[in-house]
Amino acid sequence: MKAFEFAGPTTPELAVQALAGKAGAEALGGGTDLVNRMKDYVSSPSRIVYLKDIAGFRHTDATPTGLTIGAGITLANLLADPVVAKDYPGLRQAALEVGTPQIRAMATVGGNLLQRPRCWYYRSGFGLLAMKDGKSMVRAGDNRYHAIFMTEGDALFVAPSSLAIPLIALGATATIQGGEGKRTIPVERLYQVPKPGMERELTIKAEEVLLSITVPPAKGKNASYEARWKQSHDWPLALCSVNLTMDGEAVSDARIILGAVAPVPLRSSAAEDSIKGKAINMTTADVAAAAAVSTAKPLSMNKYKVNLTKTVIKRALMSAAGKHYWEA
Amino acid sequence: MPDQEPQNRGHNRRDFLRGSGLAAAGAVLGGQATAAYEEAKADLIAEQGAKVVSGEVEITLKINGENKAVKVEPRCTLLDTLRDRLEITGPKRVCDRASCGACTVIIDGEAVYSCTTLAITCQGKTIETVEGFDTGPKGVPHAFHQHDGLMCGYCTPGFVTACKNFLDKNKGKEVTLEDVKKGLDGNICRCGTYIGVFEAALAAAKAMK
């Protein structure tokens, strides 16, 4: 790890100032991603701005307009929150499956949303697009954990955040502090597809700080389901979060978001359209899942992820309906 | 959900040598004053608004109830600080990437990976390592000994630490094998002696009641 300066600001404004004060400064939360990137020389910030001790970052606040989650609370804090447990089971489930007890005690909500991709070419120093002599190393190489959607582009890694998926399904917004004050954007707009000349998958600027996430009041049913290689300590191979508004037995409105299958969290309007107006059962869930993967274009080694994605969509929908058929 | 307000974790500031004054002082002072200047430069680069440190910084860590002063660079992990500077060698350096659990320590009541925690962020916090645990018949180390919860032993301090934290958090509850597996899934044993570890954890849960 290269040496760096260390700043421990006490307010978000001071944090923004400290980040803007030096080129190459980077914000540090729980450290579970950034510290390891520094050890591997994937990231070598000139200055670390430590955010976890900023008091205002570290609580949740339930109001009639929704639940505001401080970006600095840990995933363990999030899991202990009674409002999350009661109203947002889809968010809770996704948080519960992140890492290990130790990771969840360290990692912050903001850090989970802004962690960098796990692509092994990126983590080995070949850059986000992993281009060599104008060709993608991912496309020609070992792409078993890479994208199955949007693969006609140059970005073939998958967006790593597990929390982004349920938060987008729930219609959450992110509040960001910059030099000129605060701005609020939908969580999905934290992410972008990088391209040659713009190798950045996050939209947040270097001097900006993610302050909080606001989740609108829960209505209807929400759930998440993910598939992994390992029982714990792993990122999902495919993750689906659904948020359904119900009209009696029928779905009147749906948001179905997929994770770990594209360089950004992916909304499946095909799946949403197919389930609207229908009750949730094995047949309709199957149809929705098939609709979602109809546009998948897997790479040479990850066709298996198409079927896994179908399964996680089906199980997320059935879980929202309270039918955990796979547990029987 | 209100969280614990962070305590004042200010570093030792040498306010008399702030900002542009720092460079000016260095230019005209000699002898002892130059030494003070060098130390201050390492400790603090004053900047409008934000406090920034670099180089070697003296920090105080509260470990197993004892305050220990130590000089570290901001890039020193808590694990390396404990092992290499303070000779607290219970936490082990294995993967050094938050993947195996051998470095587990308890900070402010939460088991965390010390290999991925910067020492400088631990000031004012309560750090517990395996060295501070009760080794008597009601303690977790005794249960590991009694139930053969180790083979080569290298992962054991991490397991014992994670186990103690898990049981402390679940005091008074009926702990099942399934709970233990979930509670300890941040630790890995390459020898594969999980059966002994789980038995030790369940026995320790009983002993703690």
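Quick note on labels: first sequence line is chain A, next is B, and so on, each numbered from 1.
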**Request:** Would you sort out whether A:Lys39 and B:Cys115 count as a side-chain contact (heavy atoms from CB on, under 4.5 Å), showing the intermediate values?
**Result:** CA-CA 10 Å; A:Lys39 286 183 184 180; B:Cys115 73; 4.0 Å; yes
**Request:** For the pair B:Lys182 and A:Thr100, evaluate side-chain contact (heavy atoms from CB on, under 4.5 Å) and give the outcome as yes or no after the intermediate values.
**Result:** CA-CA 9 Å; B:Lys182 281 202 178 113; A:Thr100 65; over 6 Å; no
**Prompt:** What do the steps show when you test A:Thr32 against B:Tyr113 for side chain to side chain donor-acceptor pair (under 3.5 Å), and what is the final call?
**Reply:** CA-CA 9 Å; A:Thr32 54; B:Tyr113 298 133; over 6 Å; no
**Request:** Please step through side-chain contact (heavy atoms from CB on, under 4.5 Å) for the pair B:Lys51 and A:Leu14, ending with a clear verdict.
**Result:** CA-CA 9 Å; B:Lys51 291 163 184 168; A:Leu14 285 176; over 6 Å; no
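With a 6.0 Å radius and a threshold of 12 heavy atoms from other residues, nucleotides or ligands, B:Arg97 has its CZ atom above the threshold. Applying the 6.0 Å contact sphere to NZ of B:Lys169 captures more than 12 heavy atoms from other residues, nucleotides or ligands. Residue B:Lys206 qualifies as open at atom NZ: its count of foreign heavy atoms under 6.0 Å is 12 or below. Heavy atoms from other residues, nucleotides or ligands lying under 6.0 Å from NE2 of B:His145 number 12 at most. Other residues, nucleotides and ligands contribute more than 12 heavy atoms inside 6.0 Å of the CG atom of B:Leu177.
In terms of heavy atoms, A:Ala7 sits closest to B:Val52 at CB-CG2, 4.0 Å. Heavy-atom minimum distance, A:Asp53 versus B:Lys125: OD1-NZ, 4.0 Å. Contact between A:Pro101 and B:Gly183 at its shortest, heavy atoms only, is CG-O, 3.5 Å. Residues A:Ile103 and B:Ala98 come closest through the heavy atom pair CD1-O, 3.9 Å.
For B:Lys181, no part lies near chain A; criterion is any non-hydrogen pair under 4.5 Å. In this structure, the portion of A:Leu28 lying under 4.5 Å from any heavy atom of chain B is its side chain and not its backbone. Of the two parts of B:Asn165, neither the backbone nor the side chain holds a non-hydrogen atom closer than 4.5 Å to a non-hydrogen atom of chain A. Neither the backbone nor the side chain of B:Ile107 comes within less than 4.5 Å of any heavy atom of chain A.
When the candidates A:Asp40, A:Ile48, A:Val83 are compared by the number of heavy-atom contacts under 4.5 Å with chain B, A:Asp40 comes out ahead. Of the listed residues (B:Thr117, B:Asp96, B:Thr104), the one with the most heavy-atom contacts under 4.5 Å to chain A is B:Asp96.
Contact check for A:Gln231 versus B:Asp185: no side-chain heavy atoms found under the 4.5 Å cut-off. Between A:Phe4 and B:Pro74 the shortest side-chain heavy-atom distance falls below 4.5 Å. In this structure, the side chains of A:Phe6 and B:Thr121 come closer than 4.5 Å at one or more pairs of heavy atoms.
Checking B:Asn187 against A:Gln102 by side-chain atom types alone, a donor-acceptor pair falls below 3.5 Å.
Taken from CD in B:Glu110 to CZ in A:Arg104, the straight-line distance is 11.0 Å, to the nearest 0.5 Å. The structure places CE of A:Met1 at 6.0 Å from CG of B:Leu118, a figure rounded to the nearest 0.5 Å. Note that the OG atom of B:Ser99 and the CG atom of A:Asp234 stand 10.0 Å from one another [nearest 0.5 Å].
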